[in-house]
Amino acid sequence: DIEVPDMDIQTINGVTYGATAAGDYVMIGVDDYTLTNFAVNDKVTVLGTGNGVNDNDRVFGKNAPLTSLTLPEGLVEIKDNALNALPNLTSVNLPSTLKTVGIQSFRQTGMSELTVPESVETVKQGAFRDMANLETVTIEGNVNFDNYAFRSCPNLESIYLLGDDVTFTGSQFATHSDNGDATGITIYVKNTTVAARVYAAQTSAYGYEVKVLGEAADGSDAASVTQAK
């Protein structure tokens with residue numbers, strides 16, 4: 001039983017929605033946990049409830065067979081645990097309107113590549129941790145990352161931080177395991193300021209490299225190694 005305070009709730013074609021006084025149109029969950037493909041209604045601005053109880057927070061249930069998810073332009077927030085534990089989910093777009101990615105919202109999902117659009121301002125604790133297939137991540141804007149954003153992603157190789165003012169709160173931004181092993185992960189950044197912030201955010205992590213993306217004489221991008229740790 002999902003408790004959603006201050007919402008008018010209705011179920012339409014097996015999908016439960018809530019409308020808030022603030023004007024948010026929330027997709028709460030689906031009745032059918034056997035879905036493999038789903039396109040979220042284009043009126044939805046918030047995915048999930050983020051009430052703090054994992055089973056109730058999960059929009060599509062735990063370990064559901066969902067493989068492909070289409071999110072609409074206009075979506076601004078993905079709540080805590082909304083897509084947690086969907087290991088078959090290998091295709092999902094993050095819309096250009098998205099601002100907040102909630103706690104463990106993509107934990108244990110199946111994507112190998114991920115692009116976080118420039119609109120995203122906040123990625124909360126463990127949002128993309130324990131993603132077994134994840135190899136390449138592109139962060140387009142100036143995100144603030146909480147603890148463990150990409151912790152325990154065993155196949156992670158490359159993270160591109162393309163914003164010039166990316167910030168971090170907490171520790172172990174990106175690792176292959178819970179013990180801090182980040183061997184083979186390369187984090188590309190726009191400037192030395194962000195590089196220093198990455199080192200601080202990695203704390204006890206080890207084995208990774210940080211490279212600063214510079215500009216060559218012909219105007220093309222050139223990566224220069226700043227330090228390996």
Side-chain angles (χ1 to χ4, degrees), residues 2-7 9 15-20 22-30 33 38 40-41 43-64 66 69-87 89 91-111 114-132 134 137-153 159 161 163 166-174 201:
I2 299 172
E3 294 181 4
V4 185
D6 303 321
M7 280 191 189
I9 298 173
V15 182
T16 302
Y17 300 99
T20 72
D24 289 318
Y25 191 40
V26 183
M27 180 176 162
I28 296 171
V30 297
Y33 286 169
F38 192 88
V40 175
N41 188 295
K43 293 181 180 179
V44 170
T45 55
V46 176
L47 186 68
T49 62
N51 282 331
V53 181
N54 283 1
D55 288 341
N56 287 348
D57 287 347
R58 293 185 177 108
V59 174
F60 295 94
K62 183 177 182 180
N63 296 322
L66 189 72
L69 178 65
T70 302
L71 301 174
E73 291 295 315
L75 187 78
V76 297
E77 182 173 8
I78 299 173
K79 287 285 192 178
D80 300 351
N81 299 304
L83 301 172
N84 187 325
L86 294 174
L89 181 59
S91 176
V92 61
N93 64 300
L94 299 184
S96 65
T97 52
L98 186 64
K99 293 184 179 298
T100 303
V101 181
I103 295 170
Q104 300 190 131
S105 52
F106 283 88
R107 184 177 186 180
Q108 296 177 334
T109 52
M111 289 82 74
L114 178 69
T115 298
V116 177
E118 188 174 2
S119 59
V120 173
E121 299 170 352
T122 303
V123 170
K124 295 186 178 180
Q125 181 168 319
F128 302 106
R129 68 176 295 174
D130 300 314
M131 292 179 64
L134 190 63
V137 177
T138 302
I139 311 295
E140 295 184 338
N142 291 320
V143 178
N144 177 260
F145 289 97
D146 204 343
N147 282 323
Y148 310 143
F150 295 97
R151 190 185 193 195
S152 296
C153 295
I159 300 177
L161 301 178
V166 179
T167 56
F168 303 86
T169 303
S171 62
Q172 288 197 7
F173 166 65

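Note that these values count all heavy atoms, side chains included, but never hydrogens, waters or copies made by symmetry.
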(request) Mind checking side-chain contact (heavy atoms from CB on, under 4.5 Å) for Asn41 and listing every partner two or more places apart, or none if nothing turns up? (result) Tyr17, Tyr25, Lys43, Val44
(request) Of all the heavy-atom pairs spanning Asn142 and Val166, show the shortest one and how long it is. (result) OD1-N, 3.6 Å
(message) Restricting to non-hydrogen atoms, name the atom on Ala127 and the atom on Gly102 that form the minimum distance, rounded to 0.1 Å.
(response) CB-O, 3.6 Å
(request) Look up atom CG in Leu114 and atom CG in Leu134, then write down how far apart they are to the nearest 0.5 Å. (result) 6.0 Å
(request) Starting at CD1 of Ile28, measure out to CD1 of Ile9 and round the result to the nearest 0.5 Å. (result) 4.5 Å
(request) Please confirm whether the backbone N or O of Ser96 pairs with a side-chain atom of Ser119, one donor and one acceptor, at under 3.5 Å? (result) yes
(message) Quick check: closest heavy atoms across Leu71 and Leu47, and the distance to 0.1 Å?
(response) CD2-CD2, 4.0 Å
(request) Starting at CG of Leu86, measure out to OG1 of Thr109 and round the result to the nearest 0.5 Å. (result) 7.5 Å
(request) State the CG-OG distance between Leu66 and Ser91, to the nearest 0.5 angstrom. (result) 9.5 Å
(message) Could you check whether any side-chain heavy atom of Val137 comes within less than 4.5 Å of a side-chain heavy atom of Phe128, counting everything from C-beta outward?
(response) no
(request) Rounded to the nearest 0.5 Å, what's the gap from CD on Gln108 to CG on Asn63? Could you check? (result) 7.5 Å
(request) Establish, from distance only, whether the side-chain atoms of Thr49 and Asp57 form a donor-acceptor pair under 3.5 Å. (result) yes
(request) Please say which of Val59, Val30, Thr70 ends up in a side-chain contact (heavy atoms from CB on, under 4.5 Å) with Phe38. (result) Val30
(message) Is any side-chain heavy atom of Glu140 closer than 4.5 Å to one of Pro117?
(response) yes
(request) Of all the heavy-atom pairs spanning Val123 and Ala149, show the shortest one and how long it is. (result) CG1-CB, 4.5 Å
(request) Check the pair Ile139 / Phe145 against side chain to side chain contact (heavy atoms under 4.5 Å, CB included), numbers first and verdict last. (result) CA-CA 11 Å; Ile139 311 295; Phe145 289 97; 3.9 Å; yes
(request) Find out whether Leu94 and Ile78 are in side-chain contact, i.e. whether some heavy atom of one side chain is under 4.5 Å from a heavy atom of the other. (result) yes
(request) Test side chain to side chain contact (heavy atoms under 4.5 Å, CB included) on Phe173 and Ile159 and set out the steps. (result) CA-CA 11 Å; Phe173 166 65; Ile159 300 177; 3.9 Å; yes
(request) Could you tell me whether a side-chain N or O of Asn81 sits under 3.5 Å from a main-chain N or O of Arg58, the two making a donor and an acceptor? (result) no
(message) A side-chain contact here means heavy atoms from C-beta on lying under 4.5 Å apart; do Phe60 and Leu69 qualify?
(response) yes
(request) Write down the atom of Gly74, the atom of Thr97, and the distance for their closest heavy-atom approach. (result) N-OG1, 2.8 Å
(message) With heavy-atom distances below 4.5 Å as the criterion, would you say the side chains of Val116 and Val101 are in contact?
(response) no
(request) Check side chain to side chain donor-acceptor pair (under 3.5 Å) between Thr138 and all other residues, then give those that pass, not counting sequence neighbours. (result) none
(message) How close do Asn147 and Ser171 get, counting heavy atoms only, and between which atoms?
(response) OD1-N, 2.6 Å
(request) Not counting sequence neighbours, list each pair that qualifies as a salt bridge (charged side-chain N to carboxylate O under 4.0 Å, His left out) and has a residue in residues 116-131. (result) Lys99-Glu121, Arg107-Asp130, Arg129-Asp178
(message) Could you measure the distance from the CE atom of Met111 to the CG atom of Leu83? Nearest 0.5 Å is fine.
(response) 8.0 Å
(message) With a 4.5 Å cut-off on side-chain heavy atoms, are Asp146 and Ile103 touching?
(response) no
